[in-house]
Structure formats: C-alpha cells, structure tokens
Amino acid sequence: MNHEGVINRYRQWMDLPEGVEPVTLLEGNTPLIPVPALADELGGNFDLYIKFEGLNPTGSFKDRGMTAAITMAKAKGAKSVICASTGNTAASAAAYARRAGMRAIVLIPDGKVALGKLAGAIAYGAEVIQIPGSFDEALAFVVEISQKSDVELVNSLNPYRLEGQKTAAFEICDTLGKAPDWLCLPVGNAGNITSYWMGFTQYHAVKQSGLPQILGVQAAGSAPLVLGHAVDHPETVATAIRIGNPARGEEALNAAEKSGGRIIAVTDEEILAAQTLLASNGIWVEPASAAGIAGLKAQIAAGQIDPHGKKIVAVCTGHGMKDPDIITSRMTKPTLVPANFDAISAFIQGGK
Ligand SMILES: *Cc1c(COP(=O)(O)O)cnc(C)c1O
C-alpha cells in the first residue's frame, strides 16, 4: 500500500466537490497492529488489534479530518482558519493551514494542554491564544468568531472533518477484509465516534463489510454522555477528552446505540494502567488514547463483553510523545552510576 493521503485514496467515498486539490501530508494508512499478548492479558481468546493513529503526520488522527477541512478552506479562498483545541486539533490545523499558506489561529484552555501538543502548534506556526476557561468555552468563542468573520472553522463541527476521519473505518475494513466485531475508542467532543460510524455504515451499504458494535469510552471526571448531562468542570489526566459538553454528543449516543454498543466511563487510574499495558506491548500512546483499551478491559472483566473468538479493534488516537509529562512526572529518576565498566556491570547484575 502506498502513501497517497486519505483524499486521494478514498475520494470516491468522500463528499467533496470534484476537482479540489488536496492539501495533504500523506496522512492515514496507519498500521493495524496485532497485540496477542495484550488479548491474553485481558483474559480472552480473541484477535485484538490497535489502530495506531498516533503515527499520523502530526501524531494524532486529527490529520485525517484536517486534510479535508483545510482542502475545502483553501478551495473557498479562505486566508485564515480557527479552532478551539485540547491540543491535537491545534497542532494538526497549524500544520495543514501553514502548508496551504493560511493563518492558523487556535484557542486553547489555559494550562491544560499537553506539552508536545502546544510545542507542535507553535512549531508549525500557529497563533496560539490561551483563555482562562475550558475547551467548551473556547469552542463557543471560535464558533462565534467564524460566524462573524471570514475565518474558517476547522473544529469537528466542520462537516469535512468527519468526511476525512471516516476513512479510518475504511482502512480497518480493507485490512481485515470486513468490519471488526467491536471497535473501542475514546470519546471527547465526539466527532471521531460519529465519523467511524459514518464510515462503517457507508462501507457496509456498498461492500457488505458488516458493522461493528461500538464501545465509546469517556473519562469518569469528564463523562457527560454517561451521566446524561453536561459537566461544568471536567477533570481527567486524559486531556484530549477533557470535554464537558460534546458538540456531537447526540450523534455519538446514536452511533453507540444503533451499533448495539454503548458509551461507558473509566477512571484515570484505569486509563493510566491501560497506557502502561499498551507500552509493554511496544505501543506508547497519550493517556486519552488508552481509554479504549481501559474500557474494553473493564467490560470484559464485568462480563459485559464476551470477546471469545471475536475480532476487536481499539483505536489509539494519539502518540505518547504528545504528553511526556504524564510519564516523567511519575517516574523515578534514572540511577546515576559511575562511568566505569565494573560499576555498570555490577548495577546491571544487581538489577536482575
Ligand atoms: C481529539 C482526540 C480525542 C477525542 O476525539 P473526539 O472526536 O473529540 O471525540 C481522543 N484522543 C485524542 C488523542 C484526541 O486528540
């Protein structure tokens, strides 16, 4: 499979006008990594795969949607784009907008954006504005600004974001030859779960690829779709899903229900434990991205999902390098050992 970007690869399945020139960084085509040892650990005899979206050009799945949103903004002649972000949307918007020669303006909640994301947005040349408020407040401001000016909104309220993001479902079906039995993924503003469901239903209608049951996973301190009401002060270590009032909440609930799945919440401890489990299988993801595995683990343990003989895909949405602090703030510092052979070899033997 060659890298051509999601628009060139799946254009016939995407609702984009003819002839628009893609703004692409050759996103998508991410690996579906088998993790048999992790399936064992979760206590089942089943096929478990990680769709590792952290391997997109800016380190998260946001690039799939951003290629479509920025392609359309450029086609319309926009000079600037704007978004609210917990971090990954900002980095992605900045990379694609700058590539297309546009300004990228991003509003982020003060102090709650992981270091690798903020650095990314700045490195790509975004104009970053912090507000002393939540993601939800930032989103309300950028929606208003985009309505009252000719700045293009590239949050997942922009329908082209979903057009791009649904291609991940196509890739999973193309790789497995059909849809998995379950798809597990984190849910924040709920654009991604909505996109996956669009993608699976569209593919199934034409290719009879089947439909997965969908397990959407929120963080317990930030679980409006589980509680049934908005959360004013969402809190979680999983900053990418620290969202109290998801813009596509209704669509997410609908996707979960129609698929015969559900949306659940897991604690921060469960999320961090799942992050460690994934890392011990060679896959380092940011905390939010571990929520799918945390949710699957909890559901299997509670007898709510019987994985036996099934094909299950967990979507790992963003790379671990996005949020180094979550690791370094909890680690014990490496031991300082004298720089000589005997001391180093004694240390290694002692460590066994
Ligand atoms: C954006 C994001 C999410 C949440 O996706 P939504 O579409 O907002 O539900 C989850 N994980 C990571 C790493 C993200 O960047």
Side-chain angles (χ1 to χ4, degrees), residues 27 30 50-66 69 83-93 95 106 108-109 112-114 116-118 120-121 135-136 138-139 154-159 161-166 168-169 183-199 214-219 222-226 234 236-253 255-256 263 266 271 274-275 278 283-295 314-323 326:
E27 61 295 314
T30 55
I50 302 301
K51 181 67 172 163
F52 194 11
E53 289 287 279
L55 296 182
N56 275 295
T58 78
S60 84
F61 74 85
K62 299 298 197 300
D63 295 344
R64 289 180 188 276
M66 211 51 78
C83 65
S85 180
T86 61
N88 282 331
T89 301
S92 185
V106 306
I108 59 176
K112 297 289 184 181
V113 171
K117 304 181 188 182
L118 184 58
F135 169 84
D136 305 276
L139 182 60
V154 294
N155 279 103
S156 57
L157 286 166
N158 178 322
R161 283 277 308 277
L162 305 198
E163 285 301 308
Q165 285 172 207
K166 74 185 181 186
L183 182 89
C184 312
L185 81 172
V187 176
N189 212 26
N192 209 30
I193 187 173
T194 304
S195 307
Y196 269 97
W197 186 240
M198 278 171 59
I214 295 191
L215 181 70
V217 186
Q218 301 208 285
S222 179
L225 300 178
V226 178
T236 168
V237 287
T239 51
I241 52 172
R242 190 171 164 276
I243 292 174
N245 190 13
R248 293 193 182 267
E250 284 304 318
E251 287 151 284
L253 289 166
I263 296 180
V266 293
I271 288 173
Q275 184 190 35
L278 281 158
I283 300 169
W284 180 29
V285 304
E286 65 165 286
S289 306
I293 284 292
V315 182
C316 285
T317 44
H319 203 286
M321 286 187 270
K322 290 284 193 166
D323 194 353
I326 204 76

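Each ligand, and each atom within it, is numbered from 1 in the order the structure gives.
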Go through the steps to decide whether Ile263 and Gln218 satisfy the test side chain to side chain contact (heavy atoms under 4.5 Å, CB included), and finish with yes or no. CA-CA 7 Å; Ile263 296 180; Gln218 301 208 285; 4.0 Å; yes
As a test of reading the model: which residues have a non-hydrogen atom less than 4.0 Å away from ligand 1? Phe61, Lys62, Asn88, Pro186, Val187, Gly188, Asn189, Ala190, Gly191, Asn192, Ala240, Ile241, Glu286, Ala288, Ser289, Thr317, Gly318
Applying salt bridge (Lys or Arg N to Asp or Glu O under 4.0 Å), can you list everything that pairs with Arg64, at least two apart in sequence or on another chain? Glu53, Glu171
Within the side chain of Arg248, is there an N or O that forms a donor-acceptor pair under 3.5 Å with the backbone of Thr194? no
So, do Asn189 and Phe135 sit near enough that their side-chain heavy atoms are less than 4.5 Å apart? yes
Got a sec, which residues hit side chain to side chain donor-acceptor pair (under 3.5 Å) with Thr58, two or more places apart in sequence or on another chain? Asp63
All pairs passing salt bridge (charged side-chain N to carboxylate O under 4.0 Å, His left out) where residues 237-247 contributes a residue, at least two apart: Glu235-Arg242
